[in-house]
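Have a look at the structure below, then the notes.
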There are 2 protein chains.
Amino acid sequence: MNQTEAPYPQVLVSVDTVVLTLQDDALHVVLVRRSQPPFEGVWALPGGYIHAQEDADAQDSAVRVLRDKVGIAGAYLEQLATFSGPARDPRGWSVAIAYCALVSSAQLPPHDGVKRVPVAALGQLPFDHHAIVAAALARVRNKSQYSSLPVHLCGETFTLPQLQQVYESILGEPLNKVSFRRKMDEMQLLEAVPGAMRSGGAHRPAQLYRVRAPFQQALALSVRGL
Amino acid sequence: MNQTEAPYPQVLVSVDTVVLTLQDDALHVVLVRRSQPPFEGVWALPGGYIHAQEDADAQDSAVRVLRDKVGIAGAYLEQLATFSGPARDPRGWSVAIAYCALVSSAQLPPHDGVKRVPVAALGQLPFDHHAIVAAALARVRNKSQYSSLPVHLCGETFTLPQLQQVYESILGEPLNKVSFRRKMDEMQLLEAVPGAMRSGGAHRPAQLYRVRAPFQQALALSVRGL
């Protein structure tokens, strides 16, 4: 078989990314306006073909898509699942390797043709992007029960009440403060920023924390869940 | 762009399957002898190209591969992860959508060019198949801590001590019998087979159980882990 010929009709391969961020304590997903057919002009998940000449793997393709189409660098990124079939893309039998990224508001610069939509108000999306978003939300909500995943929605420094609020926004329920802090301790996730306090209006100043280096790209896991 | 032309150099797309089974209380992985290049004659994970004319999605491709190359039907199957890059296959930039299947010994018929190897004695594998097997083992060991996944390694009926032994073989540690049975109750996973007992030599006959219908293809989850 010749290296440039497929033994079977061609399968299209792309990556799609679900970028989640918090705004006003609500999860938002990032959409981009498509610049070409199919669905030209429609808001969709950021995605694109694999560039075999330059991408080291599909995750590298996702990093490139986020950089070029959304203006994001250094996001926490994990592979979500792969979606496939003859009907999900009008161009033919296709495979979309989906990634989920969690970013802070500060990591999302203003960018032409990019918007954030509350996940509760998402409406119609082209392709099977609605199923991809649903899978990302299920993954993030599930993993937030026993891991450090939500910390990637925070800025570089934050107080413990702010971090607890982030967890609560994802999980959709209030958490016990004492138990929450014990779990954060167990995961050895955080370190206090020396001398950094946040003044909180009527409250007394609160210590600022940041994520310890080993967990900036990897997850810390809690043995028993929150 | 013409529908039959790729905008970028072609990416090869295949599925690879990690079929796990128990033999002598040890996890085994199924290998097939490759019938064509690359790595002709070498033992590897069962895999194959997507057949865009006939496969409804990549999972359907994996079902076809298991049927045609291993002789398995009706296995519990879940998507594992997608592996990709320019170096994993000598034919070019490739994507392998990997699936993990759990089967009982009885579901694995004798089949030409198929063998089972203990995961502890796996040795070298072609492509990145070693990384794919490692991901499958990590997934199965992790999920076995809080779900019904191991039940798919059992035959149609089994006793509770047999099921506990299956969990222990995967987790690599003994489990408390009382706590184990409480978790099985909580998951509402099993039903007693009316009138069916297994005589156990010196022991008194033990009740036989089977998996309740809702959990024959889906996982039951335990809230707190085993």
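Residue numbers start from 1 in every chain, and the chains themselves are labelled A, B, ... in the order their sequence lines are given, proteins ahead of strands. Note: hydrogens, waters and symmetry copies are ignored here, and every other heavy atom, side chains too, is used. As the structure is a prediction and not an experimental result, all values here were calculated from the model.
By the 6.0 Å contact criterion, CD on Gln188(B) is open, its count of non-hydrogen atoms from other residues, nucleotides or ligands being 12 or less. Counting heavy atoms of neighbouring residues, nucleotides and ligands inside a 6.0 Å radius, atom CG of Asp185(A) exceeds 12 of them. Atom CD of Gln124(B) sits in a sparse spot, with 12 or fewer heavy atoms from other residues, nucleotides or ligands closer than 6.0 Å.
Taking all atoms of both residues into account, the shortest heavy-atom contact from Ala56(B) to Pro86(A) is O-CD, 3.2 Å.
Interface residue Ala58(A): backbone and side-chain heavy atoms are both found under 4.5 Å from chain B. Looking at Ala81(B), both its backbone and its side chain come within 4.5 Å of chain A, counting heavy atoms on both sides.
When atom types are taken as modelled, the side chain of Gln79(B) and the backbone of Thr82(A) share a donor-acceptor pair closer than 3.5 angstrom. Judged by distance alone, with hydrogens and angles left aside, the side-chain atoms of Trp93(A) form a donor-acceptor pair with the main-chain N or O of Asp55(B) at under 3.5 Å.
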Could you walk me through whether Ile50(A) and Val95(B) satisfy the side-chain contact (heavy atoms from CB on, under 4.5 Å) test, starting with their C-alpha distance in whole Å, then the side-chain angles of each, then the deciding distance to 0.1 Å, before giving a yes or no? CA-CA 10 Å; Ile50(A) 283 171; Val95(B) 166; 4.2 Å; yes
